[in-house]
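Note sheet for the following structure.
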Number of protein chains: 2
Amino acid sequence: MPAMRLNEFLPYRLAVVAEAVSHALAAVYGKRYALSRDEWRVLAQLAEVDEIKTTELGALTTLDKMQVSRALKRLEADGMVERRIDDSDRRNLRVRLAPPGRSLYRKVVPMAQARESFLLEALTEQERQTLVDLLDKLLAQARKLRDAG
Amino acid sequence: MPAMRLNEFLPYRLAVVAEAVSHALAAVYGKRYALSRDEWRVLAQLAEVDEIKTTELGALTTLDKMQVSRALKRLEADGMVERRIDDSDRRNLRVRLAPPGRSLYRKVVPMAQARESFLLEALTEQERQTLVDLLDKLLAQARKLRDAG
DNA sequence: TATTGTTATACTCTATAACTATA
DNA sequence: TATAGTTATAGAGTATAACAATA
């Protein structure tokens with residue numbers, strides 16, 4: 001009777017792999033540096049820019065405005081980021097990494113990269129590129145599905 | 001200063017894709033059939049076997065014993081599965097799909113497969129196989145990381 | 001003592017939406 | 001009216017561990 005095999009069902013496989021990888025990473029930024037996944041994403045993204053609007057931050061981290069708001073609140077309370085009102089549109093907040101945030105980032109990144117490197121050791125350079133390409137295609141298709149309902 | 005780019009960080013990309021795919025799927029089994037992800041996995045796995053021990057079910061669905069216990073409790077309360085004590089070792093429970101569970105399964109699967117098919121349309125047959133292979137390698141490596149700590 | 005499975009508990013995440021302030 | 005961002009709240013998912021029954 002089995003009309004499908006769970007273990008060959010792509011969404012299942014993808015979820016299992018992503019969960020395992022996510023766990024391996026959270027052991028670094030979470031257990032070791034007490035950052036939530038959202039805070040880690042925000043921190044990592046802020047390190048790549050000088051100053052950025054909160055809305056842009058959401059788009060770049062795939063987080064919604066509520067997740068961004070909460071992550072920033074925690075990071076700001078810990079002195080990791082600074083926010084200031086944008087005088088040209090006082091609804092906007094502009095965010096930037098504060099020195100302690102940069103310092104934290106510089107501590108977390110090498111460990112995160114070490115884990116990523118270990119994971120990537122399982123693949124050749126060619127395979128890594130292929131994987132990223134295939135994941136991209138899949139993401140685009142998944143978003144079509146979401147947009148269609 | 002950016003020592004890494006979030007958007008090129010494999011764990012991030014993988015999480016984003018998996019989340020999008022997972023959402024697309026949950027729209028079917030969750031919104032439409034009121035099943036949690038764990039219940040859906042258990043249901044799908046049970047459909048592939050006649051009768052199975054709870055512990056085996058956990059291994060096959062990548063769920064821990066607590067998740068399995070709760071998923072089964074709900075499914076049993078709804079009449080979807082039956083459980084009976086294994087007389088050769090009375091600590092074990094043996095689980096099987098009840099007729100309403102089979103019926104539910106037969107309703108959910110075509111819709112789940114339709115979503116999977118749509119996702120897979122983005123890839124050639126060759127690419128699908130490659131993706132599965134690469135994900136497998138990555139999973140094995142991630143598990144090494146977990147086992148090492 | 002170890003294992004199967006359940007339950008308790010606390011914690012985190014997620015989703016929806018109401019709300020404030022600006023525009 | 002519409003947008004940026006915050007807050008409230010309820011529900012779902014997760015992790016740890018205590019527990020009962022059996023081996």
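Here is the naming used below: chain letters follow the sequence lines, and residue numbers restart at 1 for every chain.
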**OP:** Specify whether A:Trp40 and B:Phe9 have parallel, tilted or perpendicular ring planes, treating 30° as the upper limit for parallel and 60° as the lower limit for perpendicular.
**Re:** perpendicular

Taking side chain to side chain contact (heavy atoms under 4.5 Å, CB included) as the definition, give me every residue that meets it alongside [X], ordered by chain and number, with sequence neighbours left out.
| X | answer |
| --- | --- |
| B:Asp38 | B:Ser36, B:Leu63, B:Gln67, B:Ala71 |
| A:Arg5 | A:Glu8, B:Glu48 |
| B:Leu104 | B:Tyr33, B:Leu35, B:Leu43, B:Met80, B:Val108 |

Original post:
Is the distance from OP1 or OP2 of D:dT14 to the nearest side-chain N or O of B:Arg37 less than 4.0 Å?
Top reply: yes

Subject >> From CG (A:Leu46) to CZ (A:Arg96), nearest 0.5 Å >> reply: 10.0 Å

Original post:
What distance do A:His23 atom NE2 and B:Leu145 atom CG have between them, rounded to the nearest 0.5 Å?
Top reply: 12.0 Å

**OP:** State, without any angle test, whether A:Tyr12 and B:Thr61 hold a side-chain donor-acceptor pair at a distance under 3.5 Å.
**Re:** no

Original post:
Can you tell me if A:Thr130 and A:Gln126 form a side-chain donor-acceptor pair at under 3.5 Å?
Top reply: yes

Original post:
Whole-Å distance between D:dA15 C1' and B:Arg146 CZ?
Top reply: 15 Å

Original post:
Is there a path from A:Tyr105 to A:Leu72 through hydrophobic residues (I, L, V, M, F, W, Y) whose side chains come within less than 4.5 Å of each other?
Top reply: yes

**OP:** Give the cluster check for B:Val49 versus B:Val81: same hydrophobic cluster or not, with ILVMFWY residues linked at side-chain heavy-atom distances below 4.5 Å.
**Re:** yes

**OP:** Mind running a 4.0 Å heavy-atom check of residues 49-73 of chain B against DNA chain D and sending the residues that fall below it, in number order?
**Re:** B:Met66, B:Gln67, B:Arg70

**OP:** Hey, which sits more toward the 5' end of DNA chain D by its nearest nucleotide, B:Ser36 or A:Lys31?
**Re:** B:Ser36

Original post:
First and last nucleotide of DNA chain C in contact with chain A, 5' to 3', at under 4.0 Å to a heavy atom: what are they?
Top reply: C:dC13 to C:dA23

**OP:** Within residues 76-92 of chain B, find the residues that approach DNA chain C with a heavy atom at under 4.0 Å, and present them sorted by residue number.
**Re:** B:Arg83, B:Arg91, B:Asn92

